[in-house]
Amino acid sequence: MAFVTQHQIQKFRKDGFLVLEHFFTAEECDSMRNQIQRIIAEMEVPPHCRTEFSTKEEEQLQAQGSSDYFLTSGDKIRFFFEKGVLDERGNFLIPKEKSVSKIGHALHAYDPVFKQITHSSKVQELGRKLGLERPVVVQSMYIFKQPGIGGEVTPHQDATFLHTEPLGRILGFWIALEDATRENGCLWFIPGSHTSGITRRMVRAASGTSTCVEFVGSEPAYDNSQFIPLPISKGGLILIHGEVVHKSELNSSESSRHAFTFHVMEAKDTSWSKENWLQPTPELPFPSLYT
């Protein structure tokens, strides 16, 4: 059973992130990787759903925003692709398993392997150690960070996309399914950057506008020298405070950097913004982390 100390919890509160090496076993990581290969093997993606995934703001507004496919993926298992992997007719230019950027956003609810990991006893125990009283799972993603083409993720705060009142109620669990290194695009953080609130939100646009989402506010220019890299071994877990600033670089190596990540909200005395792109549905209300 993975063990977390009071000192580590204090470090998380101070830094806004915490690295827990070897939290999951190699077998658990392999079970997730094998399962995702099965899901990709059965993937049938209609051409109009071949959404290129990007974190550059303009492209995000265009590609994700204009795409109902993204906006209605909160309670489904859907596929998002790297840039440049499809021709103008929507056919794959490279093997399809190498073309996927991420799969989201309800693996935790509908896939037995990912559901078991998300609600595993050690995750629940960690939630209790962190003092979470009524945590609910709001979304999950399998991220591929493909070799050579795995796109950069620009500096951001998760609460920009998953807004709550009050702030400070979102927690990310980021699981390395392979070694994450500086070469293949590990995460970088600004320690202590979770204490100043947020400056930008992605919200659902008013109906009748050309995009489905829009940004309110702007991301400040961050000092690159403040970021520290967090390489982590296969099976490691990074806890991510909803307001800590983090990023990852392009994967220019020959190795992928698979990760499974999910976000939890402390539901006690918290309201989930009706303006968030992601909304609970009658089919999938946010499930409790504790079973």
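Taking 4.5 Å as the limit, every side-chain heavy atom of N184 sits out of range of all side-chain heavy atoms of K145. Within the 4.5 Å cutoff, the side chain of I240 has heavy atoms near those of the L187 side chain. Contact annotation: the side chain of K115 never approaches that of P287 to less than 4.5 Å [non-hydrogen atoms, C-beta and beyond]. No side-chain heavy atom of N34 sits less than 4.5 Å from a side-chain heavy atom of V113. In this structure, V100 and I36 have side chains that are not in contact, with every pair of non-hydrogen atoms separated by 4.5 Å or more. Counting heavy atoms from C-beta outward, Q116 and S120 have side chains that approach closer than 4.5 Å. Contact of the Y222 side chain with the S193 side chain is not registered, since no non-hydrogen atoms from C-beta on lie closer than 4.5 Å. No side-chain heavy atom of L107 sits less than 4.5 Å from a side-chain heavy atom of M141.
Remark: H241 engages H194 in a ring pair (Phe, Tyr, Trp, His ring centres under 6.0 Å) (not counting sequence neighbours). Among residues two or more places apart in sequence or in another chain, the side chain to side chain contact (heavy atoms under 4.5 Å, CB included) test is passed with T281 by D75, E283, L284. Scored by the ring pair (Phe, Tyr, Trp, His ring centres under 6.0 Å) test, F144 finds Y142, H258 as partners (sequence neighbours excluded). Every residue was checked against the side chain to side chain contact (heavy atoms under 4.5 Å, CB included) condition with E42, not counting sequence neighbours, and none meets it. Under the side chain to side chain contact (heavy atoms under 4.5 Å, CB included) criterion, T291 pairs with H119, Q124, sequence neighbours left out.
Of the possible polar contacts, none joining the N276 side chain to the L278 backbone as a donor-acceptor pair under 3.5 Å is found. Side chain of E125 to main chain of V4: no donor-acceptor pair is present (N/O by atom type, distance under 3.5 Å, no hydrogens or angles). At least one donor-acceptor pair under 3.5 Å links the side chain of Q279 to the backbone N or O of S273.
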Check step by step if side chain to side chain contact (heavy atoms under 4.5 Å, CB included) holds for L230 and F189. CA-CA 8 Å; L230 288 195; F189 289 82; 3.5 Å; yes
Side chain to side chain contact (heavy atoms under 4.5 Å, CB included) assessment of T154 paired with E219: CA-CA 10 Å; T154 52; E219 205 70 54; over 6 Å; no
I149 and K83: CA distance, side-chain angles, deciding distance, side chain to side chain contact (heavy atoms under 4.5 Å, CB included) verdict: CA-CA 8 Å; I149 60 169; K83 288 189 283 188; over 6 Å; no
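Every pair passing ring-ring contact (aromatic ring centres under 6.0 Å, His included) that includes a residue from residues 266-291 is listed here, sequence neighbours excluded: F70-W277, H105-W277, W272-F286. Applying the side chain to side chain donor-acceptor pair (under 3.5 Å) test to every pair with at least one member in residues 162-173, sequence neighbours left out, gives these pairs: R169-T270. Sequence neighbours left out, the pairs with a member in residues 18-34 that pass salt bridge (Lys or Arg N to Asp or Glu O under 4.0 Å) are E28-K122, D30-K234, R33-E178. Contacts classified as salt bridge (Lys or Arg N to Asp or Glu O under 4.0 Å) and involving residues 4-18 (residues at least two apart or in different chains) are given here: K11-D15. Counting only residues at least two apart or on different chains, the ring-ring contact (aromatic ring centres under 6.0 Å, His included) pairs with a member in residues 165-188 are F173-F262. Residue pairs that meet the salt bridge (Lys or Arg N to Asp or Glu O under 4.0 Å) test with at least one member in residues 248-259, sequence neighbours left out, are K247-E249.
Classification of the F161-H156 ring pair by plane angle, with boundaries at 30° and 60°, yields perpendicular.
In this structure, CD on Q146 lies 6.5 Å from CD on E82, to the nearest 0.5 angstrom. To the nearest 0.5 Å, atom CD1 of residue I143 and atom OG of residue S256 are 13.0 Å apart. Atom CD1 of I103 and atom CZ of F81 lie 8.5 Å apart (nearest 0.5 Å). For the atom pair OG1 of T199 and CZ of F215, the computed distance is 11.0 Å after rounding to the nearest 0.5 Å. Note: I77 CD1 to M43 CE = 13.0 Å, rounded to the nearest 0.5 Å. Here the CE-SG distance, from M202 to C212, works out to 10.0 Å after rounding to the nearest 0.5 Å.
With no hydrogens or angles considered, no side-chain donor-acceptor pair links H108 and T118 at under 3.5 Å. For D179 and T181, the side-chain atoms include no donor-acceptor pair closer than 3.5 Å.
Within the hydrophobic cluster formed by Ile, Leu, Val, Met, Phe, Trp and Tyr side chains joined at under 4.5 Å, directly or through other members, L167 is accompanied by I198.
R182 CZ: 12 or fewer foreign heavy atoms inside a 6.0 Å radius. Environment of NZ in K96: crowded, with over 12 heavy atoms of neighbouring residues, nucleotides or ligands closer than 6.0 Å. Within 6.0 Å of the NZ atom in K98, the count of heavy atoms belonging to other residues, nucleotides or ligands does not exceed 12.
L250 and V153 fall into different hydrophobic clusters, where Ile, Leu, Val, Met, Phe, Trp and Tyr side chains are chained together by heavy-atom contacts under 4.5 Å.
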